[in-house]
**Student:** 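Would you mind keeping the following structure in view while I ask a few things?
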Amino acid sequence: MSGVVVVGAGQAAASLVAKLRSGGYAGQITLVGEEPVVPYQRPPLSKAYLLGEMDLDRLFLRPAEFYAAQNVTLRLGSRVTGIDRAARTVTVGQDTLSYDDLVLCTGALPRRLPEAIGGAIGGVYAVRTLADVDAMAPRFQKGARVLIVGGGYIGLEAAAVAAKLGLTVTLVEAAPRILQRVAAPETSDYFRALHQSHGVDIREGTGLVKLTGGGEVTGAELSDGTRLEIDFAIAGVGIAPDTGLAEAAGLDIDNGILVNAQGQTSDPAIWAAGDCAAFPQAGALMRLESVGNAIDMGELVAGNILGAGRAYAAKPWFWSDQYDTKLQIAGLNAGYDQIVTRRAEDGGLSHWYYAGDRLLAVDAMNDSRAYMVGKRLIEAGRTADKAVVANPSADLKPLLKG
């Protein structure tokens, strides 16, 4: 029996199969995932789940009963090892599954520290899967010493959890500042101060030379000459799209699985969605690593399998929780030449990115109103008067009517 086979069991896949059924698809749907659990939320792994504030059941996007009720066959704890495009089949263990449409929602893989500098020593963790976090959670004991390598959002979220639980935290970032790849210096300054106020030792412009220890990591040598004694280490050095299966099948790859505006790969019977997919936008290729993109692309591909013929127009948004600060981001800041800072009267703070007079993005810290207004303006292709934004007593809502 053919139908739709979905490879990967994350947010994009879960959104896609639900949309297929709600859209009236009556054929066979098979979802194949390498992890032994139903699709779950990843963002809380490094936040509420690691803190012990979220139970496993609350991580699941939908309970297992949903998939049974929707006649979606789950092949969990299973790996697709090959695609035969001519026969329209995939190999799963000893089984061969045929498909009319194949959707690759393979996500991304964490970048690991090289073995040459101790990345394979015990007690060195990445933060990507439920198994990763379950493995490191017992290490989060008050007084333990952790080294976090990487000052992006994952590293900072892990640092916040560790500091809240009473660990001694050192975070190293090889770039001149934390969040350098994704945020303005003003946002970096805010989060540096926030973490330092909670006792985190942040060392920017400092790399990891090597981790030391026998079977378990016990120390680290840093590029500034420091030698640290540590109990474990976390690598938050980014992720890379999981394109191995697609590449082996001969599909086009360009910083992700290359798709057209409708989500089709170079093989019209194969689609891709989520973190793994590189899609056209505004005359360039884009790949987004976010929940919003995974949901939107998954639903778009489902609709296009059903014949909708819609083109994807990404509306980027992101968030991060650190201590009592909720960072909400709308838009993409690439190409900005000015930052306008807004200090809300209730204590919230936001940074508005402009290219000339055009609003590109907003970073909002504990300021949901600024985030929502900025998001709506950006998605509508409109801008915001800089004088109004900079005035803490000015009401932002009239900007939406202008």
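Residues take their numbers from the sequence shown, with the count starting at 1.
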**Student:** Could you give all pairs that pass the side chain to side chain donor-acceptor pair (under 3.5 Å) test and reach residues 293-304, with sequence neighbours left out?
**Tutor:**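 For residues 293-304: N293-Y312.
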
**Student:** Any non-hydrogen side-chain atom of Y49 less than 4.5 Å from a side-chain atom of D134?
**Tutor:**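 Sidechains of D134 and Y49: in contact.
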
**Student:** Is the side chain of R85 donor-acceptor paired with the backbone N or O of A249 at a distance under 3.5 Å, no angle test?
**Tutor:**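 At least one qualifying donor-acceptor pair exists.
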
**Student:** Tell me the closest heavy-atom pair linking I378 and L360, and the distance in Å.
**Tutor:**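 Heavy-atom minimum between the residues: CD1-O, 3.6 Å.
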
**Student:** Can you tell me if CZ on R358 sees more than 12 non-hydrogen neighbours from other groups inside 6.0 Å?
**Tutor:**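 Counting neighbours around CZ of R358, 12 or fewer heavy atoms of other residues, nucleotides or ligands fall under 6.0 Å, so no.
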
**Student:** Minimum heavy-atom separation for Q262 to L300, with atom names?
**Tutor:**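 Scanning both residues completely, I find the closest heavy atoms to be O-CD2, 3.7 Å.
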
**Student:** Any sub-3.5 Å donor-acceptor pair from S15's side-chain atoms to A13's backbone N or O?
**Tutor:**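 Side chain of S15 to backbone of A13, a donor-acceptor pair under 3.5 Å: no, none is there.
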
**Student:** Are E34 and T129 packed together at the side-chain level, in the sense that at least one heavy-atom pair is separated by less than 4.5 angstrom?
**Tutor:**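 In short, these two side chains do not touch, never coming nearer than 4.5 Å.
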
**Student:** Can you confirm whether the side chains of T325 and Y190 place a donor and an acceptor under 3.5 Å from each other?
**Tutor:**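 Y190 and T325 do have a side-chain donor-acceptor pair below 3.5 Å.
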
**Student:** Hey, could you give me the OG/CE distance between S290 and M297, rounded to the nearest 0.5 Å?
**Tutor:**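 Going from OG on S290 over to CE on M297, the span is 10.5 Å.
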
**Student:** Return the minimal non-hydrogen interatomic distance between P39 and A14, and the atom names on each side.
**Tutor:**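 Looking at all heavy atoms of both residues, the closest pair is CB-CB, 3.8 Å.
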
**Student:** Check the pair Y40, L45 against side-chain contact (heavy atoms from CB on, under 4.5 Å), reporting the backbone distance first and the verdict last.
**Tutor:** CA-CA 10 Å; Y40 60 87; L45 289 177; 3.8 Å; yes

**Student:** Any side-chain heavy-atom pair from V127 and V133 closer than 4.5 angstrom?
**Tutor:**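 The answer is yes, as the side chains (C-beta and beyond) meet within the 4.5 Å cut-off.
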
**Student:** Are E221 and T212 close enough that a side-chain donor and a side-chain acceptor fall under 3.5 Å?
**Tutor:**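 Short answer, no.
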
**Student:** Could you tell me whether K386 atom NZ has more than 12 heavy atoms of other residues or ligands within 6.0 Å of it?
**Tutor:**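 Check passes, neighbour count above 12.
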
**Student:** Is a side-chain N or O of S266 found less than 3.5 angstrom from the main chain of D252, in a donor-acceptor match?
**Tutor:**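 Yes.
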
**Student:** Given Q322, which partner from the list K164, H195, K47 fulfils the side chain to side chain donor-acceptor pair (under 3.5 Å) test?
**Tutor:**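 Answer to the side chain to side chain donor-acceptor pair (under 3.5 Å) test with Q322 among K164, H195, K47: H195.
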
**Student:** Take T30 and V92 through the test side-chain contact (heavy atoms from CB on, under 4.5 Å) and record every step on the way to the result.
**Tutor:** CA-CA 11 Å; T30 304; V92 184; over 6 Å; no

**Student:** Starting at CG of L258, measure out to CD1 of I253 and round the result to the nearest 0.5 Å.
**Tutor:**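 L258 CG to I253 CD1: 8.0 Å, rounded to 0.5 Å.
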
**Student:** Restricting to non-hydrogen atoms, name the atom on A302 and the atom on L20 that form the minimum distance, rounded to 0.1 Å.
**Tutor:**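 Scanning both residues, the minimum pair turns out to be O-CD2, 3.7 Å.
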
**Student:** Under a 3.5 Å distance rule, please check whether R287 uses its side chain to pair with a backbone N or O of C276 as donor and acceptor.
**Tutor:**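 Judged by distance alone, no pair lies under 3.5 Å.
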
**Student:** For E229, look at atom CD and say whether over 12 heavy atoms of other residues, nucleotides or ligands are found less than 6.0 Å away.
**Tutor:**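 Atom CD in E229 is not packed in, count stays at 12 or less.
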
**Student:** Does the side-chain contact (heavy atoms from CB on, under 4.5 Å) test come out yes or no for M136 and I234, once each step is laid out?
**Tutor:** CA-CA 9 Å; M136 74 173 72; I234 298 173; 3.9 Å; yes

**Student:** Decide whether T265 and D267 meet the rule of one side-chain donor and one side-chain acceptor closer than 3.5 Å.
**Tutor:**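 Per modelled atom types, T265 and D267 side chains form no pair under 3.5 Å.
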
**Student:** Determine whether a donor-acceptor pair (N or O, by modelled atom type, separation under 3.5 Å) exists between the side chain of R177 and the backbone of R192.
**Tutor:**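 Answer holds: no.
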
**Student:** Do the non-hydrogen side-chain atoms of Q70 and V17 ever get within less than 4.5 Å of each other?
**Tutor:**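 Counting from C-beta outward, Q70 and V17 never come under 4.5 Å.
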
**Student:** Does R369 CZ have over 12 foreign heavy atoms under 6.0 Å away?
**Tutor:**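 Not more than 12 within 6.0 Å, no.
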
**Student:** Give, for atom OH of Y353 and atom CD of E186, the distance between the pair rounded to the nearest 0.5 Å.
**Tutor:**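 One finds 7.5 Å between OH of Y353 and CD of E186.
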
**Student:** Between R181 and G152 (side chain of the first, backbone of the second, donor and acceptor by atom type, cut-off under 3.5 Å), is there such a pair?
**Tutor:**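 Not a single qualifying donor-acceptor pair exists.
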
**Student:** Tell me if a side-chain donor or acceptor on E173 pairs with a main-chain N or O of A175 at a distance below 3.5 Å.
**Tutor:**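 Yes, the answer is positive, given that a donor and an acceptor are paired below the 3.5 Å cut-off.
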
**Student:** Roughly how far apart are I117 CD1 and L208 CG, rounded to 0.5 Å?
**Tutor:**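 So the CD1 of I117 and the CG of L208 are separated by 4.5 Å.
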
**Student:** Could you measure the distance from the CD1 atom of I178 to the OH atom of Y153? Nearest 0.5 Å is fine.
**Tutor:**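 Atom-to-atom, I178:CD1 and Y153:OH are 9.5 Å apart.
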
**Student:** For R21 and Y25, indicate whether the former's side chain and the latter's backbone hold a donor-acceptor pair under 3.5 Å.
**Tutor:**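 At least one qualifying donor-acceptor pair exists.
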
**Student:** Is any side-chain heavy atom of L59 closer than 4.5 Å to one of M54?
**Tutor:**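 Heavy-atom side-chain distance check passes, below 4.5 Å.
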
**Student:** Working to the nearest 0.5 angstrom, can you tell me the gap between W319 CH2 and L327 CG?
**Tutor:**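 Between atom CH2 of W319 and atom CG of L327 there are 11.5 Å.
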
**Student:** Would you indicate whether the side-chain heavy atoms of R75 and L97 approach each other to under 4.5 Å?
**Tutor:**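 With C-beta onward as the side chain, the pair touches.
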
**Student:** Can you find a side-chain donor-acceptor pair between T73 and Q28 that sits under 3.5 Å?
**Tutor:**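 The answer is yes; a qualifying pair exists.
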
**Student:** Any chance you could lay out the side-chain contact (heavy atoms from CB on, under 4.5 Å) test for Q11 and I295, step after step, and finish with the verdict?
**Tutor:** CA-CA 6 Å; Q11 180 76 67; I295 294 171; 3.5 Å; yes

**Student:** Could you tell me which non-hydrogen atom of D337 sits nearest to which non-hydrogen atom of A355, and how far apart they are?
**Tutor:**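 So the minimum-distance heavy-atom pair works out to OD1-CA, 3.6 Å.
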
**Student:** Counting C-beta onward and ignoring hydrogens, is there a side-chain heavy-atom pair between E157 and I154 closer than 4.5 Å?
**Tutor:**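 Yes; the side chains approach each other to less than 4.5 Å.
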
**Student:** State, with a plain yes or no, whether a side-chain heavy atom of V146 is found less than 4.5 Å away from one of Y125.
**Tutor:**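 V146 does not reach Y125 side chain to side chain.
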
**Student:** Assess whether ring pair (Phe, Tyr, Trp, His ring centres under 6.0 Å) is satisfied between Y323 and F191, documenting all intermediate values.
**Tutor:** CA-CA 10 Å; Y323 308 104; F191 282 98; 9.1 Å; no

**Student:** With distance as the sole test, does D363 use its side chain to make a donor-acceptor pair with the main-chain N or O of S350 at under 3.5 Å?
**Tutor:**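 No, the answer is negative, given that no donor and acceptor are paired below the 3.5 Å cut-off.
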
**Student:** Is the number of heavy atoms from other residues, nucleotides or ligands within 6.0 Å of CG (D395) greater than 12?
**Tutor:**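 Atom CG in D395 is packed in, count exceeds 12.
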
**Student:** So, S2 versus S98: side-chain donor-acceptor pair below 3.5 Å or not?
**Tutor:**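 There is such a pair between these side chains.
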
**Student:** Which residue pairs satisfy the side chain to side chain donor-acceptor pair (under 3.5 Å) criterion with at least one member in residues 233-242, sequence neighbours excluded?
**Tutor:**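 Output for this query is empty, none listed.
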
**Student:** Can you see which heavy atom on A314 is nearest to which on M286, and at what distance?
**Tutor:**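 Closest pair (atom of A314, atom of M286, distance): CB-SD, 4.4 Å.
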
**Student:** Would you indicate whether D324, at its atom CG, is surrounded by more than 12 heavy atoms from other residues, nucleotides or ligands within a distance under 6.0 Å?
**Tutor:**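 Counting neighbours around CG of D324, 12 or fewer heavy atoms of other residues, nucleotides or ligands fall under 6.0 Å, so no.
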
**Student:** Is there a donor-acceptor pair under 3.5 Å between the side chain of D275 and the backbone N or O of P241?
**Tutor:**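 No; zero donor-acceptor contacts below 3.5 Å.
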
